Amino acid sequence: MNDLRRRLLFLLGALIVFRVGAHIPVPGVNAAALANSFKEGNAGILGMLNLFSGGSLERFSIFAIGIMPYISASIIIQLVAEVLPSLKALKKEGEAGRRTLTKYTRWGTLLVAVVQAFAAAAVVYQRPDLVVIGRTEFYISAITCLVTGTMFLMWLGEQMTERGIGNGVSLLITAGIVAALPSAVSNLLNLAITGASGYGTILFVLFGGLCLIYIVVYIESAQRKIPIHYARRQIGNRIVQGQKTHLPFKINMAGVIPPIFASSVILFPSQIIGWLDKRVDGNAFVDFISANLSPGKSLYLVVFTAAIIFFCYFYTALVFSPREMAENLKKSGAFVPGIRPGEQTSNYLEKVVMRLTFFGALYITIICLIPEFVTGVLGIPFHLGGTSLLILVVVTMDFGTQVASYRMNQQYEHLMRKSSARK
């Protein structure tokens, strides 16, 4: 069995485990009553969280809070690492520093998961018809199961990244979205059958979704090519003529990280506020936040837009260093035509990347917000997010690219082995 097939089978097995766990309920919950209660408010912020968890929240399974605590902890660690010199120094220590930051992220995941699990358990317990056991027993079992489920998903995602193909966390989120697609299509058809929405509206939504998919694929495939020239070099007694190539920069250099991080930023406080809304009834500030921090509302759209733009620039700055790239080009004897090597090349590359990041942030924001406006205008009573569509398409494209690259590497290694055997 070749290595690619082994990795794909491991990935498939991990996704099966994820989907099985999404159907294991937390002890002491009335599953039927919870499902009926959830359908009443499926269009709110809980609908988005339920979508990312693959329906686990609707069943209040052990994976109900999903992988979002891990994403929230990653955001916190990365932000703090840019402020604290000690953590910033760890980023420069290579593999050892990365392992230390990973350890901090895991501990942060545990703390965030405990808070979110407590908030989720409190929200469920507020409905007496949803819980069939005592309060203390329910809180202990719910928090234990939810936190354990999140930590297991964190471990599973790391294993998928290491032993599978692609980013494990992104694939888990994508698997949850794919699992929710049949239910979303069924709901659309039911709206047409019951007369709640006309067939023209349903066709418009489906056609609009296909158009958005085409736009995402087109822009994700677009590149800004910066020409690079190599000077003539002398290798031994030979003079190697200069070569011409290019540096490819994607318009969306941050990928799906900004909308995922932005969703996590909104989902975490919304859970806490949802719990506080029942505890401090009558508080004007909490009531305002609770009423407006949900998909389609003005506050949600403003916060979501600001978060996407911020994380586009922040993540691009994390993964791309124009100064380091300029130094590498200078050491290899390469230069950008018309630009002096060194500092001027660094400034030029930074300017190009900042422009691309602006258009990338604008593109991601539009893709994520168009479905919010459309569903609000058409009155579709469930959440159809551009975030989920963007994640689904981009992760699928990235997965296909990595599989093709892996196959090419395997073929190259096979040819090299055959060539060595002939010698």
Side-chain angles (χ1 to χ4, degrees), residues 1-24 51-56 61-63 65-75 77-78 94-95 98-99 101-103 105-106 109-110 113 148-181 216-217 220-221 250 252-261 263-264 315 318-319 387-414:
M1 183 185 297
N2 59 43
D3 189 51
L4 176 60
R5 187 181 306 170
R6 187 181 301 110
R7 287 178 177 271
L8 291 176
L9 288 176
F10 177 85
L11 193 63
L12 178 61
L15 293 178
I16 291 175
V17 170
F18 168 61
R19 293 310 304 154
V20 170
H23 290 80
I24 301 176
L51 180 67
F52 285 162
S53 63
S56 298
S61 76
I62 58 175
F63 295 158
I65 58 177
I67 198 67
M68 283 302 173
Y70 175 75
I71 298 174
S72 301
S74 300
I75 297 171
I77 294 299
Q78 290 183 10
E95 184 64 23
R98 189 188 66 82
R99 285 198 300 265
L101 290 176
T102 300
K103 182 178 68 174
T105 302
R106 290 170 179 168
T109 301
L110 179 61
T148 303
T150 294
M151 300 306 291
F152 175 78
L153 285 181
M154 178 189 70
W155 174 84
L156 186 64
E158 291 176 351
Q159 294 300 309
M160 292 168 65
T161 302
E162 181 180 349
R163 302 174 61 182
I165 294 179
N167 184 280
V169 174
S170 298
L171 289 173
L172 287 176
I173 296 176
T174 304
I177 295 172
V178 171
L181 285 180
V216 171
V217 173
E220 290 295 329
S221 303
K250 294 178 62 177
N252 176 25
M253 297 184 65
V256 297
I257 297 299
I260 292 178
F261 278 14
S263 299
S264 180
Y315 191 75
L318 282 180
V319 300
T387 303
S388 56
L389 184 145
L390 183 68
I391 293 172
L392 181 62
V393 176
V394 174
V395 173
T396 302
M397 291 178 62
D398 181 65
F399 179 76
T401 301
Q402 293 199 35
V403 170
S405 176
Y406 206 89
R407 291 184 62 184
M408 186 176 296
N409 289 337
Q410 282 193 322
Q411 291 176 358
Y412 177 75
E413 292 175 359
H414 178 68

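Reckoned from all heavy atoms, side chains included, excluding hydrogens, waters and symmetry mates. Computed from a predicted model, the values in this text were never measured in an experiment.
Using a 4.5 Å heavy-atom threshold, the side chains of Leu8 and Leu12 count as separate. By the 4.5 Å heavy-atom criterion applied to side chains, Ile260 and Val169 are not counted as neighbours. In this structure, Phe152 and Ile62 have side chains that are not in contact, with every pair of non-hydrogen atoms separated by 4.5 Å or more. Val319 is not listed as a side-chain neighbour of Met253, based on a closest heavy-atom distance of 4.5 Å or more.
Although no hydrogens or angles enter the test, the distance criterion places a donor-acceptor pair under 3.5 Å between the side chain of Thr161 and the main chain of Gly168. Side-chain atoms of Ser405 never come within 3.5 Å of backbone atoms of Thr401 as a donor-acceptor pair (strictly under, hydrogens ignored). Side-chain atoms of Arg7 come within 3.5 Å of backbone N or O of Glu162 as a donor-acceptor pair.
Of all the heavy atoms in Ala73 and Thr109, the pair that sits closest is CB-N, 3.3 Å. Nearest heavy-atom pair, Ser170 versus Val395, reported as atom, atom and distance to 0.1 Å: CB-CG2, 3.9 Å. Between Gly166 and Gln402 the shortest heavy-atom distance is N-OE1, 3.3 Å. The heavy-atom pair separating Asn252 from Glu220 by the smallest distance is ND2-OE2, 2.8 Å. Minimum heavy-atom separation, Gln78 to Phe261: OE1-CE2, 4.0 Å. Between Leu171 and Leu15, the shortest heavy-atom distance links the atoms O-CD2, 4.2 Å.
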| request: Would you please test Met151 and Thr148 for side-chain contact (heavy atoms from CB on, under 4.5 Å) and show each step? | output: CA-CA 5 Å; Met151 300 306 291; Thr148 303; 5.9 Å; no
| message | What verdict does the side-chain contact (heavy atoms from CB on, under 4.5 Å) test give for Ile71 and Ile173, after you've listed the backbone C-alpha separation in whole Å, the side-chain angles of each residue and the deciding distance to 0.1 Å? | response | CA-CA 11 Å; Ile71 298 174; Ile173 296 176; 3.6 Å; yes
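Ring planes of Phe18 and Phe63: parallel class, angle under 30° (limits at 30 and 60°).
Rounded to the nearest 0.5 angstrom, Lys103 NZ and Ile77 CD1 are separated by 11.5 Å. In this structure, Tyr70 OH and Met154 CE are separated by 7.0 Å, a value rounded to the nearest 0.5 Å. The structure places CE of Met68 at 9.0 Å from CD1 of Ile75, a figure rounded to the nearest 0.5 Å.
Test Ile67, Leu110, Ile65 against Thr150 for side-chain contact (heavy atoms from CB on, under 4.5 Å) and you get one pass: Ile65.
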